[in-house]
Amino acid sequence: MAGHVHIVGGGLAGLSAAVELAGSGGRLTVYEAGPACGGRARSYHDRHLGCRIDNGNHLLLSANDAVFRYLGLIGAEKTLVGPDRPIFPFVDLGDRARWTLDLSRGLVPFWLFSAHRRVPGMRLGEVRSLMRLMRAGPDQTVAECLLPGMLSTRLLEPFAISALNTLCETGSAALLGAVIRESLAKGGRACLPRFPAVGLSESFVDPALDHLALMKAEVRTGCRVSGITTADDRATGLRLPDGDVTLDGDDRLIMAVTAPVAADLLGDALPDLRVPDAFESIVNVHFRLDPAPVALGALGCARFIGVVGGISEWVFVKDDILSVTVSAANRYADRDNDELAAVIWNEVRAAVEPALARPLPLDMPPMRMVRERRATFAATPAQERLRPPVRTALDNLFLAGDWTATGLPATIEGAIRSGVTAARAVRDPLRR
């Protein structure tokens, strides 16, 4: 591959594209505006807690083919861990019911016929909700496809909110159906839960940077691209803090930034470009405990639990950290941080304490709340129609990011796929 490929954005989409292209011949440079790569999937040292934490929680599945291919390329496939069975512990804070969704490994869903393995209180007829979601049209919402019952209340609704980061009343049923087709519909072997053994950076970022360095690719952090120049239907240059960079005839450009940044940088060059413009936030709360909690039973095996009937949605046990995720968090934007954390801590105690060897303290331990106000695009039918393809009207300019038309919600899997798609478009000789 001749020429110089410039990748703007060092999140997982940009890193995925860079890993895909590294070693293909020609020069490769990644420009990241922040001090570190990784975007929404990175780790950092928190001074208040005195330890390293992830900026958010991400629960992956064994069906995430793009994720595991990426990890294989950077030599990090063994940095993800999880139970050896497709199990998902849950608790309903309303009646304190506890159960473990225990999926069948094969395609035949034998778990549906066992009261000890399925959602308590569900009826078999409710499974039609899954079929309706997988057959949903582009304008349907999740709520329109769900049948009333415990399967929806205790599994499909919380699953939809965490997968789409959007409430069921407005969330795209087609996007959720795509997730179901790639996971639950493939059987339990596709649904083994996976998460980083140490941290997001240790799995997804640091090994990628090491790989890129080995392949002689250049990664420039703290280097914000403030604009691009164009001529004759091509991108011709980048504006950088230390001077402009010229794109020669064989050079190509991948914009792997967020949707708002892409709209800002490319508005003049691509006046017809449409990108998602409505967003949902995510709240993560990290509680540090001394001594570290010791989880038992299904919680000890899975190291996470789903929470129904509260603000909290997922609680992860990470050594001495109990980490909580709250998706579709725009609804809590006006809540005071300390007040919200106190409510969440009480929910954590109710959800987790019965499965721990020792009780949790009554008083809230040291905590860090992280609000990502524009964590993902709002996964609604209207926003889905705004997601652009990888190719643009400029011959040498390509787009990547979980907000592009990946066919999935804004997930790690979608981000990595978008980078691979952009890299393959760059290598396409017909396009050149």
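Note: hydrogens, waters and symmetry copies are ignored here, and every other heavy atom, side chains too, is used.
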Check the side chains of T380 and S172 for a donor-acceptor pair under 3.5 angstrom, ignoring hydrogens and angles.
no

Point-to-point distance, once rounded to the nearest 0.5 Å, from CG of L124 to CG of L112
6.5 Å

Would you check if Q383 and D277 make a side-chain contact, meaning some heavy-atom pair closer than 4.5 Å?
yes

Does S281 form a side-chain hydrogen bond (donor to acceptor under 3.5 Å, both in side chains) with E372? I'd like the steps, not just the answer.
CA-CA 5 Å; S281 62; E372 293 187 77; over 6 Å; no

More than 12 heavy atoms from other groups under 6.0 Å of CZ on R52
yes

Under a 3.5 Å cutoff, is there a donor and acceptor pairing between the side chains of S162 and E313?
no

Between T376 and N165, a side-chain donor and acceptor under 3.5 Å
yes

Flag side-chain contact, heavy atom, 4.5 Å: V257 against V225
no

Going from CE on M131 to CD1 on I180, what distance comes out if it is rounded to the nearest 0.5 angstrom?
10.0 Å

Name the one of L133, L164, V142 that satisfies side-chain contact (heavy atoms from CB on, under 4.5 Å) with L175?
L164

Please indicate whether D95 has more than 12 foreign heavy atoms, meaning atoms of other residues, nucleotides or ligands, lying under 6.0 Å from its CG.
yes

Side chains of T406 and R387: donor-acceptor distance under 3.5 Å anywhere?
yes

Nearest non-hydrogen partners of C191 and S62, listed with the distance
N-OG, 3.4 Å

Could you tell me whether H116 atom NE2 has more than 12 heavy atoms of other residues or ligands within 6.0 Å of it?
no

From R234 atom CZ to L397 atom CG, the distance as rounded to the nearest 0.5 Å:
10.5 Å

Would you give the length of the straight line joining atom OG1 of T421 to atom CD1 of I416, rounded to the nearest 0.5 angstrom?
12.0 Å

Is it the case that the side chain of R252 and the backbone of F398 share a donor-acceptor pair, with hydrogens and angles ignored and the cut-off at 3.5 Å?
no

Donor-acceptor under 3.5 Å (S183 side chain, V179 main chain):
yes

Is there a donor-acceptor contact under 3.5 Å from the side chain of N55 to the main chain of R42?
yes

Between E126 and R154, does a salt bridge (charged side-chain N to carboxylate O under 4.0 Å, His left out) hold up when you go through it step by step?
CA-CA 12 Å; E126 296 175 48; R154 287 179 162 174; over 6 Å; no

Answer yes or no: is there a donor N or O on one side and an acceptor on the other, between the side chain of T100 and the main chain of F88, under 3.5 Å?
no

Under 30°, 30 to 60°, or over 60°: which ring-plane class applies to F304 and F316, parallel, tilted or perpendicular?
tilted

Side chains of S152 and E157: donor-acceptor distance under 3.5 Å anywhere?
no

Side chains of L80 and F68 in contact at under 4.5 Å (non-hydrogen atoms)
yes

Step by step, work out the side chain to side chain contact (heavy atoms under 4.5 Å, CB included) result for V8 and L253.
CA-CA 8 Å; V8 181; L253 173 61; 3.7 Å; yes

Looking at CG of L93 and CG of N346, how far apart are the two atoms once the value is rounded to the nearest 0.5 Å?
10.5 Å

At what distance, to the nearest 0.5 angstrom, does CD1 of I254 lie from OG of S418?
9.5 Å

Testing the 3.5 Å rule here: is there a donor-acceptor pair between the side chains of R194 and N64?
no

Donor-acceptor pair, E280 side chain versus F377 backbone, under 3.5 Å?
no

Could you check R85 against D102 for salt bridge (charged side-chain N to carboxylate O under 4.0 Å, His left out), going step by step and ending with a plain yes or no?
CA-CA 8 Å; R85 294 160 46 210; D102 189 355; 3.0 Å; yes

Is the distance from the ring center of F90 to that of W314 below 6.0 Å?
yes

Are L156 and L130 packed together at the side-chain level, in the sense that at least one heavy-atom pair is separated by less than 4.5 angstrom?
yes

Going by atom types alone, do T29 and H6 pair a side-chain donor with an acceptor below 3.5 Å?
no

Between L408 and E182, is any pair of side-chain heavy atoms under 4.5 Å apart?
yes

Kindly check if the number of other-residue, nucleotide or ligand heavy atoms within 6.0 Å of CZ (R189) is above 12?
no

Hey, does the side chain of R288 reach the backbone of L49 with a donor-acceptor pair shorter than 3.5 angstrom?
yes

S129 side-chain N/O to L147 backbone N/O, donor-acceptor pair under 3.5 Å:
yes

So does R335 have more than 12 non-hydrogen atoms from other groups sitting under 6.0 Å from CZ?
yes

Of L209, I74, L71, the residue whose pairing with V19 passes side-chain contact (heavy atoms from CB on, under 4.5 Å)
I74

Side chains of N284 and N57, donor plus acceptor under 3.5 Å
yes

Residue pair R385, D139: steps toward the salt bridge (charged side-chain N to carboxylate O under 4.0 Å, His left out) verdict
CA-CA 10 Å; R385 288 190 286 271; D139 295 323; 2.5 Å; yes

Chi angles and distances behind the salt bridge (charged side-chain N to carboxylate O under 4.0 Å, His left out) call for E20, R427:
CA-CA 10 Å; E20 196 74 17; R427 288 196 298 241; 3.8 Å; yes

Side-chain contact, heavy-atom cut-off 4.5 Å: T236 with N396?
no

Are L12 and I412 side-chain neighbours, meaning at least one heavy-atom pair lies under 4.5 Å?
yes

Just so I know, are the side chains of C301 and I87 near enough to count as touching, which here means a heavy-atom distance under 4.5 Å?
yes

